[in-house]
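Each remark here refers to the structure printed beneath this line.
Note that ligands are numbered from 1 as they come in the structure, with each ligand's atoms numbered from 1 the same way. Count residues from 1 along the sequence. Note that the coordinates shown come from a computational prediction; the quantities given were computed from them, not determined experimentally. What you see below is based on every heavy atom in this structure, not just the backbone, and it leaves out hydrogens, waters and symmetry mates.
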Amino acid sequence: SNTLKKLKHFIMEECTKFEASVKVSVQVYFMLHCESSDYLWLPRSQLSTKCHGLEKATITQANTPVGTKLVYDGEKKRTLQVNPEIFSTFFKGHPFPNKTWHTCAVVGNGGILVNSSCGKMIDSAEFVIRCNLPPLSDGYEKHVGIKTDLVTANPSILLEKFGALMGRRRKFVESMTSYGNSLLLLPAFSYGRNTPVSLRAFYTLEDFESPVQPIFFNPGYLHNLALFWRSQGLRTIRLSTGIIMTSLALELCDNVQLYGFWPFDFHPYSFQTLTNHYYDDRKTKTKFHAMPDEFSHLLRLHSQGILKLHLGDCK
Ligand code: CDP
């Protein structure tokens with residue numbers, strides 16, 4: 001009878017989960033296929049006036065001269081006065097042209113990309129943005145593509161995968177070859193611990209003459225973006241990389257196409273179980289990120305025709 005009780009409990013739990021999955025999917029289906037009568041807001045112009053991503057998303061020698069006091073966006077009490085040595089690591093020139101790109105693909109790392117065959121469609125975008133140094137080879141190409149114009153790197157990956165770049169650094173440089181001559185965007189001034197490892201990434205790529213160009217997020221931009229999303233009703237300790245890159249793309253591109261954004265563990269159409277990432281099942285830190293809430297904002301933007309969320313297969 002104990003086994004029967006356990007079995008009953010298991011079946012009830014599975015039914016509740018399934019019911020919840022169907023509810024989410026039905027809501028998503030309606031949002032994806034019906035035009036919203038919600039108030040329409042114009043993210044490109046609002047983002048431009050409040051966050052100025054085009055000029056301020058990244059640190060450049062032009063927008064951050066020697067002597068500037070940088071305020072870390074993750075640790076408000078921490079500041080850093082830019083000295084000539086740090087200044088020499090700042091991007092020379094302007095990373096984004098003064099015109100908008102026609103189509104941008106922002107590729108999240110969600111397990112929904114598994115077997116999606118979206119690689120070609122992603123690669124057909126004029127500008128492709130990826131998050132957190134995702135793997136592109138080993139059979140993933142067909143589903144996620146290979147073209148990369150900008151890729152972000154969370155310093156925790158540099159710590160875990162490349163020994164914080166304290167020892168031999170060739171493996172790191174070699175792993176970067178899959179991103180061609182893209183921009184590597186690092187949150188060097190978000191937390192104090194990010195700065196030394198981001199600078200080591202910069203020096204490593206420079207010393208090995210890698211075609212990848214490191215560039216740093218501007219903490220002022222990240223701060224303003226967090227305020228912006230808070231004003232839209234999004235409550236989260238830290239914005240996820242995906243929503244940060246989507247926000248930037250809304251300023252830089254006429255058409256924003258999202259792939260790999262689905263923070264749930266079941267497929268919206270087949271209800272099959274999904275891993276959290278297309279390459280592993282490491283879970284998101286729910287303490288910091290509120291991805292389902294972010295997702296509902298992205299869904300609203302989709303239903304207003306402001307961006308396009310791809311959830312199905314691209315066959
Ligand atoms: O470092 P972070 O947790 O922000 O991101 P990640 O797990 O490397 O994934 C990159 C982005 O893809 C996230 O920031 C999310 O916006 C998105 N994502 C999603 O929508 N659904 C998932 N199951 C996983 C990631």
Handout entry: Side-chain heavy-atom pair Leu158, Phe162 within 4.5 angstrom cut-off
Key =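 Side chain of Leu158 against side chain of Phe162, heavy atoms only: contact under 4.5 Å found.
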
Per-pair distances, 0.1 Å, donor-acceptor, side chain in residues 182-192, under 3.5 Å, sequence neighbours excluded:
residue	atom	partner	partner atom	Å
Ser182	OG	Tyr179	O	2.8
Ser190	OG	Asp73	OD1	2.9

Problem - Trp101 backbone acceptor or donor facing Glu126 side chain under 3.5 Å - result: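 Not at all, since once roles are kept as given, no pair shorter than 3.5 Å links the two residues.
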
Problem - Any donor-acceptor N/O pair, Asp265 side chain to Thr273 backbone, under 3.5 Å - result: no

Exercise for the section: Evaluate the ring planes of Trp262 and Phe264, with Trp represented by its six-membered ring, and classify them as parallel (under 30°), tilted (30 to 60°) or perpendicular (over 60°). Expected result: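 Perpendicular: the ring planes of Trp262 and Phe264 meet at over 60°.
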
Exercise for the section: Considering only NZ, NE, NH1 and NH2 on the basic side and carboxylate oxygens on the acidic side, decide whether Asp123 and Arg130 come within less than 4.0 Å. Expected result: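 Result for this pair is yes, salt bridge flagged.
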
Practice task
Heavy-atom cut-off of under 4.0 Å around ligand 1: list whichever protein residues fall inside it, by chain and number.
Solution key: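 If the criterion is a heavy atom under 4.0 Å, then ligand 1 touches Gly108, Asn109, Gly110, Cys131, Asn132, Ser240, Thr241, Gly242, Gly260, Phe261, Trp262, Pro263, Asn276, His277, His289, Met291.
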
